[in-house]
Amino acid sequence: MKNTVQEAARSLPVYDRADVLVVGGGSAGTAAALAAARQGARTILLERYGYLGGLASGGQVAFLPKMGDGNSTPVGGIMEEWLECLARQDGLLAPPPEDIGREDPQALAKWSLCVGMVRGGKVCHSAAFDPELLKVVLAELLAKAGVITYHHCLVCDAVMEDEVPQGVIMETKEGRCAILADRIIDATGDGDLLPYTKTAYEEEDDPAYRNSMVSEIFRVKDCDNMRYGRWRQANPGEFGARMKELQELVGYQAMVINSYRNDVGWINNFIAGKESYSIRDVSETEFMVKRSIPVAIDFLRQNIPGYENCRLLDIATFGVRHSRRVKGVHRITHKELMAGTVFSDTIYATSCFSNGDCLSESLEYCVPYGSLIPEATDNLLVAGRCFSSDLVAHSCLNLIPYCVMTGQAAGLAAAMSLQQKVQPRHLPVEQLQAALKAQGVVLPKGL
Ligand SMILES: Cc1cc2nc3c(=O)[nH]c(=O)nc-3n(C[C@H](O)[C@H](O)[C@H](O)COP(=O)(O)OP(=O)(O)OC[C@H]3O[C@@H](n4cnc5c(N)ncnc54)[C@H](O)[C@@H]3O)c2cc1C
């Protein structure tokens, strides 16, 4: 058998042309497209699936951890728009503003029944939401902003001229075609455009860190999360032992987490040793998790109070916490985060969410604009989990709120850089920060 075949060169139709082209419609890509369109750019978003939200919707990662505790810089911008829209349509479980920062036993008892809503002895700004409703909310927001969204378009190459990206090539049911653009934002999560555009990136991982694990979440219905929460709180040792038993049974680390509804639970999981874009690894994970679901549900029914009658509700798409990270103008390091560094080009700041890889709940993280700009490639920005950082900083910063806020900054910067006829790397950062503030993003004092 031959090891390679030759693909014939061919001319491709140009399907459309954008000022700002966003590839990937996850939490980062949708925010980028919204920000660019609201800034007046003709904005096209390409998404390989038939819905928006990426991991936050189809991946069922429907939990927003600590986004503030009453003392830290509050989150703002498009992240708050998500919360308002989800709450209006009854798809959100979140402590109300008057409870945030409370330390009294009554408030703690109420909110600590939900995983992650009490941190460092305080009720925090956090939320669980309906991932299906997020698809609806994002479609509505993007349509209103005038974003042209093309679904079922898998981007599979870049159009390059003198080593500068001018557009992308995509596979569609209409055939292979191109979209040309003045600015392109890689919001594919996996940094798919980085190899296509010959942009430098890193991808090393380490199973010691949370973000090196892949997953396939599934949800169950007909459970009672309040009863589960009371049991978990009263019996932490037993809870740990049961989760360990479940792990041994299914062959991967799993955790039962309440959702935005009392009767729906999500089974988050962490699967080590799998490459996020290896055909074999991804396929094996898809099969392994699906085949383990009946075993897991049987275990939950027998062993977890509140889950005696649970049944399968649905299964998420394959979940990747980490893959390629661009080599950017600024590579965020864990050391910088632990020092509480406020970068002069900060585009977003929020409370630290201690997840085992980052240990101080009292910190506030800042994200610099330079982490969204490739070291050398022009016309291109990244948004979301392919930002520039070391592996540990990535594990601290890959959460949905960060992805949304990097998206908002990248989309705005792409549109502004076109208006000012400069490359994104030369955009005066004070102007970007002022525009972000005008859109409701709250930056640390002094910026
Ligand atoms: C199991 C799991 C649990 C997690 N837990 C939490 C949590 O509790 N809270 C939290 O805040 N974060 C959590 N995270 C992290 C968080 O979900 C992600 O980092 C974040 O959602 C990433 O957003 P993104 O927009 O960068 O990427 P994604 O959500 O991956 O979006 C990328 C989008 O691009 C599309 N796409 C990809 N490639 C192409 C292509 N070639 N062409 C066209 N479209 C393409 C995808 O379909 C997708 O819509 C978790 C992640 C996982 C996997």
Side-chain angles (χ1 to χ4, degrees), residues 7 9-26 28-29 32-33 36 41-48 54 150 153-172 176-204 275-277 320 322-332 369-389 394 403 406-407 409-418 421-427:
E7 191 178 12
R10 54 182 160 155
S11 295
L12 298 177
V14 173
Y15 188 77
D16 206 341
R17 190 184 167 97
D19 297 332
V20 175
L21 173 64
V22 180
V23 182
R42 183 171 199 274
T43 305
I44 295 178
L45 183 142
L46 301 177
E47 167 55 47
R48 67 176 157 167
Y150 296 132
C153 297
L154 175 74
V155 170
C156 56
D157 211 340
V159 179
M160 301 292 285
E161 216 175 278
D162 299 330
E163 300 186 351
V164 179
Q166 309 289 329
V168 301
I169 295 172
M170 59 193 192
E171 289 291 356
T172 77
R176 202 169 159 97
C177 53
I179 305 258
L180 301 181
D182 295 317
R183 295 286 180 270
I184 305 172
I185 300 175
D186 185 340
T188 58
D190 294 330
D192 281 8
L193 288 184
L194 304 176
Y196 301 149
T197 56
K198 300 198 169 34
T199 299
Y201 62 90
E202 52 188 317
E203 57 184 335
E204 101 285 353
E275 288 288 338
S276 60
Y277 42 82
V320 182
H322 160 267
S323 47
R324 302 178 190 95
R325 308 187 305 273
V326 72
K327 281 196 179 165
V329 167
H330 187 131
R331 180 177 184 267
I332 309 172
Y369 176 51
S371 65
L372 310 182
I373 304 172
E375 261 173 358
T377 312
D378 278 341
N379 285 2
L380 183 71
L381 295 106
V382 305
R385 62 185 164 83
C386 44
F387 65 92
S388 182
S389 70
H394 185 275
C403 293
T406 57
L412 195 50
M416 288 176 72
S417 72
L418 274 178
K421 298 188 175 46
V422 293
Q423 277 300 321
R425 72 188 67 251
H426 299 309
L427 184 68

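Keep in mind it's a predicted model, so treat the numbers as computed, not measured. Residue numbers count from 1 along this sequence.
A donor-acceptor distance shorter than 3.5 angstrom exists from the side chain of Glu47 to the backbone of Gly25, with no hydrogens or angles considered. When atom types are taken as modelled, the side chain of Thr377 and the backbone of Pro374 share no donor-acceptor pair closer than 3.5 angstrom.
The pair Glu202-Arg331 counts as a salt bridge, with a side-chain nitrogen and a carboxylate oxygen less than 4.0 angstrom apart. The residues Arg325 and Glu204 are annotated as salt-bridged, a charged nitrogen and a carboxylate oxygen being separated by less than 4.0 angstrom.
Note on ring orientation: taking the six-membered ring where Trp is involved, the planes of Tyr150 and Tyr15 are perpendicular (angle over 60°, cut-offs 30° and 60°).
When every heavy atom of Thr199 is checked against every heavy atom of Thr197, the shortest pair comes out as OG1-OG1, 2.7 Å. Cys386 and Ala383 get closest at one heavy-atom pair: SG-O, 3.8 Å. Across Pro165 and Ile184, no two heavy atoms sit closer than the pair CB-CD1, 4.0 Å. Closest non-hydrogen pair, Pro424 versus Tyr369, comes out as O-OH, 2.8 Å. Scanning all heavy atoms of the two residues, the minimum distance from Ala178 to Val159 falls at CB-CG2, 4.3 Å. Nearest heavy atom pair, residue Leu372 against residue Ala409, reads CD1-CB, 4.2 Å.
In this structure, Ile332 CD1 and Ser371 OG are separated by 4.0 Å, a value rounded to the nearest 0.5 Å. Of the inter-residue distances, the one linking Leu12 atom CG with Ile179 atom CD1 reads 12.0 Å to the nearest 0.5 angstrom. To the nearest 0.5 Å, atom CD of residue Glu375 and atom OH of residue Tyr201 are 14.0 Å apart.
Screening Leu21, Val20, Val23 against Ile185 for a side-chain contact (heavy atoms from CB on, under 4.5 Å) leaves a single residue, Val20. For the side-chain hydrogen bond (donor to acceptor under 3.5 Å, both in side chains) criterion with Arg42, the lone passing option out of Asp19, Asp16, Asp182 is Asp16. Only one option out of His322, Arg385, Arg324 pairs with Asp190 in a side-chain hydrogen bond (donor to acceptor under 3.5 Å, both in side chains); it is Arg385.
For the pair Leu380 and Leu193, the minimum side-chain heavy-atom distance is below 4.5 Å. By the 4.5 Å heavy-atom criterion applied to side chains, His330 and Ser388 are not counted as neighbours. The shortest side-chain heavy-atom distance between Asp378 and Glu163 does not fall under the 4.5 Å cut-off. For the pair Arg10 and Arg176, the minimum side-chain heavy-atom distance is below 4.5 Å. The side-chain heavy atoms of Ile169 and Cys156, taken from C-beta on, include a pair separated by under 4.5 Å. Arg183 has its side chain within reach of Ser417: a pair of non-hydrogen atoms, C-beta onward, lies under 4.5 Å apart.
The distance between the ring centers of His394 and Phe387 falls below 6.0 angstrom.
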With side-chain contact (heavy atoms from CB on, under 4.5 Å) as the test, would you mind laying out the steps for Val329 and Arg425 before giving the verdict?
CA-CA 8 Å; Val329 167; Arg425 72 188 67 251; 3.8 Å; yes

Check step by step if side-chain contact (heavy atoms from CB on, under 4.5 Å) holds for Gln423 and Asn379.
CA-CA 7 Å; Gln423 277 300 321; Asn379 285 2; 2.9 Å; yes

Stepwise side-chain contact (heavy atoms from CB on, under 4.5 Å) check, Val14 with Cys177:
CA-CA 6 Å; Val14 173; Cys177 53; over 6 Å; no

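Legend: residues meeting side-chain hydrogen bond (donor to acceptor under 3.5 Å, both in side chains) with Thr188, ordered by chain and number and at least two apart, are Asp186.
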